[in-house]
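For reference, the structure discussed in these notes is given below.
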Number of protein chains: 2
Amino acid sequence: MDENLENPGRYLIAKLNAFMRTTSGSEDAINEMASRRVAYADRGQDIISEGDEPRTVNLLLDGWACRYKMMEDGRRQILAFFLPGDLADLHVYILNAMDHSIAAITPIRYARLAPKEFEEISDAHPKLLRALWWESLVTGSIQREWLVSVGQRDALESVAHLACELFLRLKTVGLVQGQLCDFPLTQLDIADALGMTQPHVSRTIAELNRTGYVILRRGQLEVKDLERLKKLAAFNPNYLHHLRDD
Amino acid sequence: MDENLENPGRYLIAKLNAFMRTTSGSEDAINEMASRRVAYADRGQDIISEGDEPRTVNLLLDGWACRYKMMEDGRRQILAFFLPGDLADLHVYILNAMDHSIAAITPIRYARLAPKEFEEISDAHPKLLRALWWESLVTGSIQREWLVSVGQRDALESVAHLACELFLRLKTVGLVQGQLCDFPLTQLDIADALGMTQPHVSRTIAELNRTGYVILRRGQLEVKDLERLKKLAAFNPNYLHHLRDD
DNA sequence: CGCTATATTGACTTTGCTCAACCCAGGTGG
DNA sequence: CCACCTGGGTTGAGCAAAGTCAATATAGCG
């Protein structure tokens, strides 16, 4: 976290590097953005709720969050997981009301950027603007791939795909050490993301762990054989739109 | 179609009116866009395929299309349906390769806009640009709602929700007459959109028709009781982000 | 140490899938 | 004009995947 405070935009910078070479000018701009209007939320807490008028672009600095929708009868669909460096709804201030909520999964630190600040910075750095555009298109692409998971993949494939995706996304922002990364999702989070029930997630994780390709447990994910995991998940990395595979 | 040829952007104009009052200036700009580089495709034909480098922004002028992904083993997930007036991937020319394909469901007419033309027009009409932004955000919102359908709704709710959505979207562009609209989807299309199998779609449509709220058949959809249909589908119109309900 | 969260497991049920036969309507060509 | 073909659509029987409900176990945490 120390390094993080000096270089608060580092995860976003790392991610954009998967798409372009950031210049030191844009890096400074990102760090500038990321050090203004910093806010905190505890696990479980909404940082913005369905129906609210969106006023800020949120940049996640530390921790995990999720986008979700709640149905009247209490069913919850998680629509996306946010990892450090992810931006929530770049242009959403065009719309009048949020159609979903965003909540912290772990305690988080995030920057709440006012549209005006955001525009100033992107006007001054057209290359950065382009990169941010790319990031929001990739977010859309991930959203579509999730529909493929929920619509077409069976339980084992789905869980494997999610593990694969999160591992690779964490890797691009530098949050993987060797084969290990943090994994704070509960089985209920996974269930609500993949359209399954929690007991079935439990059984499916057990089955996945039995393959030996990964060790997935609350708190930590270890990927022992990424290639086989990808194969099992029918994982095609194109949708992440990285310049190179990593 | 006659009126359409004089006023080729009419469906898009009608749609944007759900968000803002279009000025005659922007209407002319839209019609201008929509009359350049017009192309045709037959039913079943891809207009752009996964892996292709995207070169144009596509505006659907007539007919229905879909965005889809194919898995190696032949499973297909339909990600979105395009109706007249819909734009495909406004900013996709930022990315190097399509991560999905777009195919005609009926014979279609569409405009293939070069990025440069597109930028000229939007530079000249900032209000229009904002409206187009809105339309792409709504497209993203629809994408998310589909995940709720596939992840949380059961078969009957899902099919009802899809009927509801398509009916309302057609209504916004003026393609509903009374309670009737075209409905060219096959049961296999619906199945691949909702993550079901075709025989189960058949049974589910039969069950839905038995409620009397709709008459859904190949070619045509008749909505007899929209309110009850919405209720059955757990349909919350907020995600369409219209200024007023219609 | 005990409380609360989460995870595991078992027995049973249900939804939706599979496979396959059959039906039906529209379009084409003899 | 009719026979046939083809692309949907319907239906049935049996099955498998995943859901439900509930009891039990486990693990952090205060």
Could you tabulate the donor-acceptor pairs under 3.5 Å formed by side-chain atoms of residues 73-82 of chain A, not counting sequence neighbours?
| residue | atom | partner | partner atom | Å |
| --- | --- | --- | --- | --- |
| Asp73(A) | OD1 | Arg75(A) | N | 3.2 |
| Asp73(A) | OD1 | Arg75(A) | NE | 3.3 |
| Asp73(A) | OD2 | Arg75(A) | NE | 3.0 |
| Asp73(A) | OD2 | Arg75(A) | NH2 | 3.1 |
| Arg75(A) | NH1 | Gln152(B) | O | 2.9 |
| Arg75(A) | NH1 | Glu157(B) | OE1 | 3.0 |
| Arg75(A) | NH2 | Glu157(B) | OE2 | 2.9 |
| Arg76(A) | NE | Asp192(A) | OD2 | 2.7 |
| Arg76(A) | NH2 | Asp189(A) | OD1 | 3.2 |
| Arg76(A) | NH2 | Asp192(A) | OD2 | 3.0 |
| Gln77(A) | OE1 | Gln152(B) | NE2 | 2.9 |
| Gln77(A) | NE2 | Asp192(A) | O | 3.2 |
| Gln77(A) | NE2 | Ala193(A) | O | 2.9 |

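- In terms of the salt bridge (Lys or Arg N to Asp or Glu O under 4.0 Å) criterion, residue partners of Arg228(B) (sequence neighbours excluded) are, by chain and number, Asp225(B).
- When heavy atoms are screened at a 4.0 angstrom cut-off, Arg43(A) is found touching the sugar-phosphate backbone but no base atom.
- First and last contacts of DNA chain D with chain B, using any nucleotide atom under 4.0 Å from a protein heavy atom and ordered 5' to 3', fall at dG8(D) to dA13(D).
- Counting to the nearest Å, the C1' atom of dT6(C) and the CD1 atom of Ile105(A) are 15 Å from each other.
- Legend: residues meeting side chain to side chain donor-acceptor pair (under 3.5 Å) with Thr56(B), ordered by chain and number and at least two apart, are Asn58(B).
- Distance Arg218(A) CZ to dA5(C) P: 12 Å, rounded to the nearest Å.
- Taking the screw axis at each terminus of the helix from dT6(C)-dA25(D) to dG30(C)-dC1(D) from five consecutive base pairs, the angle between the two is 40° to within rounding of 10 degrees.
- With sequence neighbours left out, Arg36(A) forms a side chain to side chain donor-acceptor pair (under 3.5 Å) with Glu32(A), Glu117(A).
- Looking only at atom types and distance, the side chain of Glu227(B) has no donor-acceptor partner in the side chain of Tyr213(B) under 3.5 Å away.
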### Nucleotide-resolved protein contact map, nucleotides 14-26 of chain C, B/S/- at heavy-atom distance under 4.0 Å
--SSBB-------
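- Applying the side chain to side chain donor-acceptor pair (under 3.5 Å) rule to Asp86(B) yields the partners Lys15(B), Arg169(B); only residues at least two apart in sequence or on another chain are considered.
- Listed by chain and number, the residues in a salt bridge (Lys or Arg N to Asp or Glu O under 4.0 Å) with Asp89(A) are Arg67(A) (sequence neighbours excluded).
- Applying the side-chain hydrogen bond (donor to acceptor under 3.5 Å, both in side chains) rule to pairs touching residues 195-208 of chain A yields Gln187(A)-Gln198(A), sequence neighbours excluded.
- Protein atom CG of Leu185(A) is 15 Å distant from nucleotide atom C1' of dA5(C), rounded to whole Å.
- Residues passing the side chain to side chain donor-acceptor pair (under 3.5 Å) test with Ser141(B), sequence neighbours excluded: Asp99(A).
- Contacts of Glu145(A) classified as salt bridge (Lys or Arg N to Asp or Glu O under 4.0 Å), with partners at least two apart in sequence or in another chain: Arg153(A), Lys69(B).
- Ring centroid separation for the pair Phe167(B) and His161(B) does not come in under the 6.0 Å cut-off.
- Glycosidic conformation of dA5(C): syn, with the torsion inside 90° of 0.
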